Amino acid sequence: MKVANNFTWLIGGPQGSGVDSSANTFAKTCASVGLFIYGKREYHSNIKGAHSYYPIRISDKFIRSHTDNIDILVSFEKETLLLHHENVVQKGIIIFDKDIAFNKEGDYLLVPIPFNDIIKEAAIKFDKEKDYSKLQIMRNVISVAASLALLKLDFKHLEKVLQSVFTGRRAKLLDINIFSASLTYEYIKSNSFDQKSNYEIIPIENQKERIITSGTTFTGIAKILAGCRFQSYYPITPASDESEYLEAHPEHEVLVIQAEDEIAAITMAIGAALTGVRAATSTSGPGLSLMAESQGWAGINEVPVVIFNYQRGGPSTGLPTRHEQGDLEFSLYAGHSEFPRIVIAPGDIEESFYLTIEAFNLADKYQLPVIFLSDKSIANSIQTLYPFDIDNIKIERGKILSEDQLKEIIEKEGRYKRFKITDDGISPRIFIGQGIFWNTGDEHDELGHISEESNNRTKMFEKRMKKMETILKEVDNSLKYRLYGPQEAEYTIIGWGSVKGPVLDNLEELNKYYSINFLQIILLKPFPSQEVLEILSNSKTIISIEMNYSGQLANLLRKEIGIEVNKRILKWNGRPFSKEEVFKAIIDAINLDTKRIVCNSGI
Amino acid sequence: MKVANNFTWLIGGPQGSGVDSSANTFAKTCASVGLFIYGKREYHSNIKGAHSYYPIRISDKFIRSHTDNIDILVSFEKETLLLHHENVVQKGIIIFDKDIAFNKEGDYLLVPIPFNDIIKEAAIKFDKEKDYSKLQIMRNVISVAASLALLKLDFKHLEKVLQSVFTGRRAKLLDINIFSASLTYEYIKSNSFDQKSNYEIIPIENQKERIITSGTTFTGIAKILAGCRFQSYYPITPASDESEYLEAHPEHEVLVIQAEDEIAAITMAIGAALTGVRAATSTSGPGLSLMAESQGWAGINEVPVVIFNYQRGGPSTGLPTRHEQGDLEFSLYAGHSEFPRIVIAPGDIEESFYLTIEAFNLADKYQLPVIFLSDKSIANSIQTLYPFDIDNIKIERGKILSEDQLKEIIEKEGRYKRFKITDDGISPRIFIGQGIFWNTGDEHDELGHISEESNNRTKMFEKRMKKMETILKEVDNSLKYRLYGPQEAEYTIIGWGSVKGPVLDNLEELNKYYSINFLQIILLKPFPSQEVLEILSNSKTIISIEMNYSGQLANLLRKEIGIEVNKRILKWNGRPFSKEEVFKAIIDAINLDTKRIVCNSGI
Amino acid sequence: MSYKLADLKTDYNIDWCPGCGDFGILNSLMSALVDLQLDLKKVVLVSGIGCSGKTPHFVNITGIHTLHGRDIPFATGIKLANPELTVIDIGGDGNTYGIGAGHFLNAGRRNIDITVLVFNNGVYGLTKGQASPTLKLGMKTKSLPLPNINQAINSLSVAIVSGYTFVARSYAYDVKHLKQIIKKAILHKGLSLIDILQPCPSYNDIHTKEYFEQVVNNSKRIYKLEDEGYDPEVKDPNNHQEIQEKIVKAILKSQEWGDKIPIGVFYKINLPTFEERLIDRYGKKLNPSKSIFEINNKPSTNISNLIEEIKIR
Amino acid sequence: MSYKLADLKTDYNIDWCPGCGDFGILNSLMSALVDLQLDLKKVVLVSGIGCSGKTPHFVNITGIHTLHGRDIPFATGIKLANPELTVIDIGGDGNTYGIGAGHFLNAGRRNIDITVLVFNNGVYGLTKGQASPTLKLGMKTKSLPLPNINQAINSLSVAIVSGYTFVARSYAYDVKHLKQIIKKAILHKGLSLIDILQPCPSYNDIHTKEYFEQVVNNSKRIYKLEDEGYDPEVKDPNNHQEIQEKIVKAILKSQEWGDKIPIGVFYKINLPTFEERLIDRYGKKLNPSKSIFEINNKPSTNISNLIEEIKIR
Ligand SMILES: Cc1ncc(C[n+]2csc(CCOP(=O)(O)OP(=O)(O)O)c2C)c(N)n1
Ligand SMILES: Cc1ncc(C[n+]2csc(CCOP(=O)(O)OP(=O)(O)O)c2C)c(N)n1
Ligand code: SF4
Ligand code: SF4
Ligand SMILES: [Mg+2]
Ligand SMILES: [Mg+2]
């Protein structure tokens, strides 16, 4: 039986050789015929030459994760072949350069491609023989074309996508690329490889409108919609893609400032926030580490500022381009002493959009720093999504005084007190330029002047911390957690952040064997203890899953609600959880006697 | 009945007016006649003028805390009188400037002192009438003399201490000070105030040898003994006293470097440690916040470095000269992702000495950053202590390779691998200059070269983290915790750091009414779960006591051993726990129905 | 609507030491503000940490007392987010040239319209007198156990080569001179530095009032550049030669120290500010703090062009 | 015991882009080390983060690849703790003049005997080509979506006024010249900076090999100061006048950029190093790494004088 519309395609090659754009072209073409895709970028902390690869999973249903198994492996050099061929499934396809001697025992379709011949022919045709070495970049388009031909997809679909890709400066390359692609199609067909292929794409007509995007792009768009108009950053992988996206869209007037370091980035953002603008900074682990002191200042001065932290492999420089969910504990406690702060984590690209807007709302309403804990997997993956519902999006700015309200207060109370002690811990806010107030990182009185007086200290500290209770009281459950699967289940998987995708992609299947649900924690600080406790008390076995060494969420659970997770599924090798791996890990967690199930897949 | 040898004396006055030196003179004089003292400095983040005060508690037994109640209040200006007179006990003494109109209802001995007359007389006698305003500083010596006269202590004891104080540049001031002091003695006697005084000092002969010192000084001495020969720092209150102590003792050849900021301070220390020297940095909250990133580097590169953090009121600049134990959680998790680290907290000045040496031993043996979590109360208090037993002190440097061992390894294995994977997680170490190796903040292979390979990552991360288990296995219990009072008790007070003093000072008395013991946690990371669990499982009610808002140790307990503390005694007003306050708080914890007992004493 | 000196005072207790040079600076600053008669709601003092850092609490306009060494990026964020504001930044010498040196230097690359006042007392005042980056090698103030082991920074030179477009020095007790310089700096479009010689009687017994005001070889140690006819200003910012000459002259002047210490404006040039460069980038003048992005709690930004880019076709 | 170039190579894969200027620098550095025939165990490379920061992994001597911008304080700690070591520090331009600027500046105050090499490519290489502090205002490399909005830092001038005692520039592809400069810098007693013009073919399409080597008005864009008879060296470090002249000359030269770009030593002066100043402080030369403080696991330091100070009498 042929496999239609559900498979994983993987391309690999040296960094800088076009792997990413091939993958994008392939993904877009599949998406354009109504399919769903999920793509994951794996690359070294290197600019050119090191091995990178990009699996694109294709489905006729909405999907959220990658697989370890490869149905179609595409390579135009040896390293990719050697590293990945073992993951190719039986009946799978391996596309490679015919000049490389390669063979593989078993039921595989081996498709050698005459890259050089095709490029040469195209070069001659377009009179570009002297550019022959530059044209090697067409190995990418040839790879994609070969794949699509083997999938029996009509050439016109690829052509359309190429037309949208080769625009602007690159428009002059369109024709030669299309020509090479068509030569490739011919080659596949004339050698009947397509007949031997076990895979095909059958376009789905009349799909609903969909988009294809990555975490950094979608977060960037959300920032614009949220009204963020000031973003300071210092370059760092994988966060800076997001800032560069904003920079590349000056029409939306987000003032993007490349600072001299992360300390400047966050303090600029805090300064900006004091003028009333919604302000943010985006960074990754090492940058977040440098922001610890400033967060305390924002905390004690009750400044709304949002820190987007794209987690990557740590500690220290760690694995700059790889995945980890290691910054949870640090985010909860960064900065000496205590101050109110919110930590939220989106589970996927789509949630990044909604939660970005909520992050700014929360910062404004509760006047505090918010850490938005994304990760490399969300940042760099691409996914097909349904367009979202802008109608449900609300902008809430919290207790902000209008000119009239400010006047009234000054008339009534003699002066405006920035840190007025209130029942919910929140004091009405004004902006610099609107009236007079003081801020200081020292403990202060209601006016904002330094105060070392001991009673004021007790009260002012309490006022600030009270906001944490107010948040838990006021915030909607949908911002605290999401429960997937049966409301009550024997087994509850608990996780946060990007584990959501691979878990959800397995949930239906798992429920054929066991009663399992998945609790995704979104609000990590303040922790929604009551709600989580209630849900967990319904299940017999709790299994945590996170991409770090110690099980930081599992530890947090014990700290916050005193519940011990029964099993921990953990992984810290820098590569996100795959679909199959999570399936097996959950089965193991249920059936084996070990408390720690350590996963290890990925190259 | 007269009160002999057990009372609290307090002096106050504007900063810079000599309050500290008065208190020191008084304390030293009392100590010199065989008494024990405990003194606490309270001062503003200000150089001159703001109110500061310094209670000295005196006893014929070893003491470890201050009291709120004042037996003898000394002031030479109005503010101190107004702020503190309410804490004076019945039958207490109030010494003040006779030019200040002051009265107080009740059974108090009011002692007006003719400061101006005495100073004038002294000025005339020593022909220094033109220096009259400079001589106002003698109000201090007059205050102390008046106090000692009221305590009926022979003048010669004061004289001896003054001789030891006025040396060097200040020697020329000795005579006039002794003269003023003796005038004061005469004044007190001739007015029979001493007869009316309810207090006295009765010298204790043949006391064992004792010392009087502060936390920063004693830690500094311990560093020298421990072999710390490199200390980098950036000025910050209250930590810099310790660095300045080392700087002032160049004969011990500790290279003390004032860095341009705390990031430079810690990275210099790490660099130095790589050459084999025992290296440290000392800081307080804001500085520690800036050191988050570098700790991760030391963690992943397994560098022994000791960070002395003197906690002060936070968050942010907070209360720079006040007390808090707020940095526990941050110290446990500072820096993104995870890496091995030790956090230890001394409970008092004496323990600071032993633990300082152990901190360097631990750093060397386990090749990791150690955070030494002291606090303002320990740093700035003074106490009489018995000299310590150097014989029991060991220096342990852990797995360090000699030239021969290194040669042998290279011969056997071809090359030296800095991060060789071992069973206990510890790899034999060499220093820069000894042989070739690499360090990098990136994930690395055994040689120390960058490696993104996924299996290496899994193993190398695990190797590092394994050290945390090794530590718990190897470290002596006395470094993990101390249990005071009955081995098993109905109530267990649990605390860390400087709460030790006031708790211990109450333990005997409390055990008259209840069965209570006190568990002091010393090793906070890795947490000695097994031992603590065992101890706590013996007691019915667990009461935590800490000087922070949320109860960070109590939260940690739940996280590490799943045990919920029954009551939390908390305080965050910037002033250390007093003896009486802790007594009452524990009684309240036992008898009242609230989970949080919030303390508030101190001006 | 005009305001007087008294209107600028707060009732917050000024807790500097008696005789501290900071008093003179505070007076000069307030007098400058009185002279300028700005819209006070639109003026903000931003400060770092130190004795100097407390200044905003003593002035009755909005005051943002930030972190040690980070006042410049805070001020940068404030100014860029609302360019209508007059932003005056205050830092100690330890604050700005020590821990804040990276920001101090990189701010020069931007030339944002901010005025930076550095209270230069040669010591870390609030932490009890350690040597600051402006204390010269070998000096031993009364607060130091041993002579200073570091070279001093020449902050004026660094500012000039880093891109500051107004670089001056003044003296805390010459209130009239300092006031004039502050006014000029505030009015200057671009990044200004005023390094202010500030006696710290508590810790620095070398650079005292007496020292600065001493008469050496029949003339006061401190002298005014303007009295010498020194012209700091680049007249034609497109004239590379003139710029170079002025820079060299200013650097040489900034190295004069000892019997003669110059105060006044060392260097001034009119160059496009960062705010002006932003206009090129965004095609218009931005005021992010005034951006409207919601109407009745609904987002009002039209992001359809961004969605178009990612739509599947 | 002599070593050759081959001995200095590791088998660790060099993963710079084809054509990257870093290759030239690596070769020059290794050749310089070969020429100097140092005791290799006592040489250490310390680096920051960036493409440049990877260098130590490619050289078969001890290599400490530190944090972004913090290599100078790491190197400082290493050198002070063991002054016998030869310490060579490597940073990118973003690393050293951006995030590391505060350390870069303050290091000048110390004049420790370290050699700092800055791989100056005008971009943040490893993070994909953002503008670095050395990219000039208005330039748009192929990696930038919009022209650079910041002024460039003049790092040579900053180094000179900050107290560096050996300040030079060289060019990555002039391996012979660079090697000579590196040798001089290493041999120089005190803090040396070599700013190295380094083409980054992947992101900087402005400052390419072709650009630097272009012939403009009949002469190569890059020219050597020594060929002009330029004398960078202060002969008498006590001669204030000579110092000033040399500084001014060097600063003027460092501002030359465009059709003519000078390379070579801009400024050199022999002044007491920090290590020498420490001798004054401690009465002798310290080597903390060699300090003996235990014998058979017992502390061997005699602290009785300290105990005496706190003993109660
Ligand atoms: C990160 C950090 N490190 C250290 C300190 C401690 N600190 C407070 S004031 C000060 C020095 C201030 O010196 P300077 O900037 O010269 O100001 P001055 O007091 O002399 O006006 C320092 C180091 C701090 N508040 N924050
Ligand atoms: C604290 C921190 N911030 C950001 C980064 C990300 N980062 C890695 S390399 C780099 C830029 C390197 O540029 P440069 O110093 O010029 O070196 P080059 O790559 O050009 O040699 C940055 C910002 C980091 N590793 N650490
Ligand atoms: S310490 Fe110095 S700078 Fe600070 S207030 Fe006192 S005199 Fe002024
Ligand atoms: S990105 Fe530039 S600097 Fe980095 S290796 Fe490639 S060419 Fe060299
Ligand atoms: Mg200062
Ligand atoms: Mg660079």
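These numbers come from a predicted model, not from an experiment.
- The two residues D/Asn106 and C/Gly98 make their nearest non-hydrogen contact at ND2-O, 3.5 Å.
- With a threshold of 4.5 angstrom between heavy atoms, C/Leu137 approaches chain D through side-chain atoms but not through N, CA, C or O.
- Both the backbone and the side chain of C/Asn150 have a heavy atom closer than 4.5 Å to some heavy atom of chain D.
- Most heavy-atom pairs under 4.5 Å with chain C: of the set D/Gly138, D/Pro147, D/Ser254, D/Pro133, this distinction falls to D/Pro133.
- Taking CG of D/Leu191 as the reference point, atom CD of C/Gln151 lies at 12.0 Å (rounded to 0.5 Å).
- The local environment of CD in C/Glu308 is crowded, with over 12 non-hydrogen atoms from other residues, nucleotides or ligands closer than 6.0 Å.
- With a 4.5 angstrom heavy-atom cutoff, D/Ile251 touches chain C only via side-chain atoms.
- Between the side chain of C/Arg110 and the backbone N or O of D/Ile149 there is no donor-acceptor pair closer than 3.5 Å.
- No other option in D/Leu252, D/Ile99, D/Ile153 has as many heavy-atom pairs under 4.5 Å with chain C as D/Leu252.
- Chain C forms the most heavy-atom pairs under 4.5 Å with one residue out of D/Ser155, D/Gly163, D/Gly102, D/Gly69, and that residue is D/Gly102.
- Proximity to chain C is absent for every atom of D/Ile243, based on heavy atoms less than 4.5 angstrom apart.
- Put simply, NE2 on D/His240 and CD on C/Glu256 are 8.0 Å apart, with the number rounded to the nearest 0.5 Å.
- In this structure, the portion of C/Ile247 lying under 4.5 Å from any heavy atom of chain D is its side chain and not its backbone.
- Heavy-atom distances place the side chain of D/Leu105, and not its backbone, under 4.5 Å from chain C.
- The environment of D/Lys235 atom NZ is dense: over 12 non-hydrogen atoms of other residues, nucleotides or ligands sit within 6.0 angstrom.
- Contacts with chain D were tallied for C/Asn154, C/Asn111, C/Val158; C/Val158 has the most, counting heavy-atom pairs under 4.5 Å.
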